Asker: 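Pasting a structure below so you can have a look.
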Amino acid sequence: MSTENEGINEGTTPVPPAPSAPPVPVETPSAAPQPSVPDAGAPTTPLPQTPAAPADGAWPPPTAPAAATEWPPPTAPQAAPPAVPAYATAGAYAEPGTHAYGATDGGVPQAGAAFGSGSGSGGSGSGSGGVQPPVWGASYQQPAPKAGKGRGGLVAALLIAALVAGGLGGGIGYTLAKNDDSSGSTTVSSSTSGGAVKRDPGTVAGVAAKALPSTVTIEAESSNGEGGTGTGFVFDTQGHIVTNNHVVADAVDGGKVTATFPDGKKYNAEVVGHAQGYDVAVIKLKNAPSNLKPLTLGNSDEVAVGDSTIAIGAPFGLSNTVTTGIISAKNRPVASSDGSGSSSSYMSALQTDASINPGNSGGPLLDAQGNVIGINSAIQSTGSGGLGGAAQSGSIGLGFAIPINQAKYVAQQLIKTGEPVYAKIGASVSLDESTGGAKITDQGAGGSDAVEAGGPAAEAGLKPGDVITKLDDTVIDSGPTLIGEIWTHQPGDKVTITYERDGKTHTVDLTLGSRTGDN
């Protein structure tokens with residue numbers, strides 16, 4: 001597992017499929033039918049004269065015998081209509097042209113393409129030759145009134161009056177619209193600019209605004225010019241900055257370390273202490289400013305899966321980058337490498353899906369209130385190589401942070417003595433992850449005894465070959481898991497060990513010892 005992170009694979013957003021045909025237009029009802037206006041030279045049918053009242057005052061007046069007048073009057077035979085193409089039949093539409101919405105480059109039709117053939121917008125277009133097909137979106141035309149006797153002329157007069165009234169109303173509406181349009185733009189603007197918006201302290205923007213000024217980008221360089229970039233955060237007002245060990249490891253022996261704040265101010269720094277096993281280090285600013293604001297430390301023991309997280313760092317050198325996610329898991333056993341393969345770190349980590357990459361290491365993992373709950377340290381990677389490695393893959397949503405309760409204890413020890421202090425049980429265990437627990441080896445490192453004489457394990461009766469399966473209520477499935485879990489405790493803590501020997505399960509209590517330094 002790499003102690004650094006890699007770039008994100010970018011996905012593509014699929015373009016939604018375009019409709020196969022234009023939507024069926026719905027006819028908009030009008031207040032009154034609008035007849036077409038006859039041509040100026042067309043003959044008009046005079047209104048019938050009102051018959052005089054009969055002398056005796058009878059009403060209604062007598063009508064002519066039915067045989068005298070035939071109604072409706074016979075009409076002249078009509079010529080056969082010309083042939084109409086199939087697409088011009090009632091209800092048919094012109095063939096739709098290309099159409100899309102949300103269109104992008106790369107051969108996808110562009111937004112705003114018209115429905116219907118020909119050119120134009122909003123579906124208007126023109127056909128060519130023969131009978132014109134109905135155009136989608138064309139207005140409805142009222143058929144001309146038929147000539148006739150009786151009340152036909154009166155109906156025509158009423159329709160003409162309605163048309164005049166409609167024209168008058170349209171003229172008034174146009175005048176009002178024209179006058180209103182002269183007042184200026186119809187767009188709506190915010191009353192305040194983005195910078196003046198008050199953001200709740202619990203929002204991501206609020207947390208970032210408060211935390212960023214106390215986060216630094218660290219550049220570490222060895223005496224031969226090798227090194228890389230990481231992140232750190234202000235730990236106290238004396239100028240101490242907490243980060244990862246692997247961020248500053250190259251500068252420990254005669255190297256150079258600098259820390260740059262978001263406002264661009266850059267300070268030289270020195271390594272106060274580093275703990276390779278914990279992957280924690282502390283540097284101190286030279287000529288530190290007097291207005292440093294340490295980040296508030298939270299309680300990583302109270303973090304719950306699903307809690308919101310905010311990570312700040314300099315992924316691939318992009319300083320002051322803020323990403324968000326959640327706590328995906330707790331107490332995740334992680335054995336990480338610094339990229340050289342010469343040393344490893346062990347932790348019972350907080351797992352988060354906040355995007356972290358090379359350069360995020362050492363940066364704070366915050367909760368929704370802006371409290372530091374962890375130090376971003378490692379990712380699960382599909383590639384190999386860490387900070388400065390030849391192959392660095394990107395974040396795949398599996399990032400790991402050192403719980404702040406552990407990191408705080410380690411940092412305080414480094415500031416106090418310059419050396420880390422580790423809790424221990426006094427036994428060597430196999431680092432093989434397929435043993436179903438942490439198996440005590442037959443021999444320790446460098447030919448030493450596997451169980452330290454007089455140590456906590458020896459006093460508890462543990463022997464080589466025993467397989468430790470639980471520490472308190474935590475299941476132990478391998479040696480690295482046991483080491484990471486022990487290091488969440490402090491020397492002097494009492495723990496309960498469950499182990500197996502000769503097929504039987506035993507439980508014993510022991511008090512953790514201590515070891516100073518990385519050697």
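Since this is a predicted model, take the numbers as computed values, not measurements. Counting begins at 1 with the first residue of the sequence.
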Asker: Look only at the side chain of N244 and the backbone of G362, and say whether a donor-acceptor pair between them is shorter than 3.5 Å.
Answerer: yes
Asker: If the test is side chain to side chain donor-acceptor pair (under 3.5 Å), which one of T243, D279, N245 qualifies with H274?
Answerer: N245
Asker: Between H246 and S361, do the side chains contain a donor N or O and an acceptor N or O under 3.5 Å apart?
Answerer: yes
Asker: Is it true that the side chains of S355 and T323 contain a donor and an acceptor less than 3.5 Å apart?
Answerer: no
Asker: Can you find a side-chain donor-acceptor pair between N224 and S222 that sits under 3.5 Å?
Answerer: yes
Asker: Is there a donor-acceptor contact under 3.5 Å from the side chain of T417 to the main chain of L414?
Answerer: no
Asker: Do the charged groups of K256 and E219 touch, with an N to O distance under 4.0 Å?
Answerer: no
Asker: Ignoring hydrogens and geometry, is there a side-chain-to-backbone donor-acceptor pair from D449 to V451 under 3.5 Å?
Answerer: no
Asker: I'd like to know if the side chain of S300 reaches the main chain of N405, judged simply by a donor and an acceptor atom lying under 3.5 Å from each other, with no hydrogens or angles considered.
Answerer: yes
Asker: Measuring from L462:CG to L510:CG, what's the distance to the nearest 0.5 Å?
Answerer: 7.0 Å
Asker: Got a sec, which residues hit side-chain contact (heavy atoms from CB on, under 4.5 Å) with D307, two or more places apart in sequence or on another chain?
Answerer: V303, A304, I327
Asker: Quick one: does any side-chain atom of R501 pair with a main-chain N or O of G503 as donor and acceptor, under 3.5 Å?
Answerer: no
Asker: Test your reading of the model: is there a side-chain donor-acceptor pair from T516 to the backbone of V421, 3.5 Å cut-off?
Answerer: no
Asker: In chain order, what residues pass the side-chain contact (heavy atoms from CB on, under 4.5 Å) check against K286, with sequence neighbours excluded?
Answerer: N268, E270
Asker: For the pair D472 (side chain) and T496 (backbone), establish whether a donor and an acceptor sit closer than 3.5 Å, ignoring hydrogens and angles.
Answerer: yes
Asker: Does G370 offer a backbone N or O that forms a donor-acceptor pair with the side chain of D367 under 3.5 Å?
Answerer: yes
Asker: Would you say the side-chain atoms of T309 and T352 include a donor-acceptor pair closer than 3.5 Å?
Answerer: yes
Asker: Going through the distances and angles, do V248 and I283 end up as a side-chain contact (heavy atoms from CB on, under 4.5 Å)?
Answerer: CA-CA 9 Å; V248 299; I283 64 174; 4.0 Å; yes
Asker: Let me know which of I404, I402, I373 forms a side chain to side chain contact (heavy atoms under 4.5 Å, CB included) with L365.
Answerer: I373
Asker: Quiz question: by atom type and distance under 3.5 Å, do the side chains of N376 and N360 form a donor-acceptor pair?
Answerer: no
Asker: Apply side-chain contact (heavy atoms from CB on, under 4.5 Å) to the pair L285 and I241, showing each step before the final yes or no.
Answerer: CA-CA 8 Å; L285 304 179; I241 305 293; 4.1 Å; yes
Asker: Which residue, T488, T481, I486, forms the side chain to side chain contact (heavy atoms under 4.5 Å, CB included) with L471?
Answerer: I486
Asker: Over 60° means perpendicular and under 30° means parallel, so tell me whether Y422 and Y278 are parallel, tilted or perpendicular.
Answerer: parallel
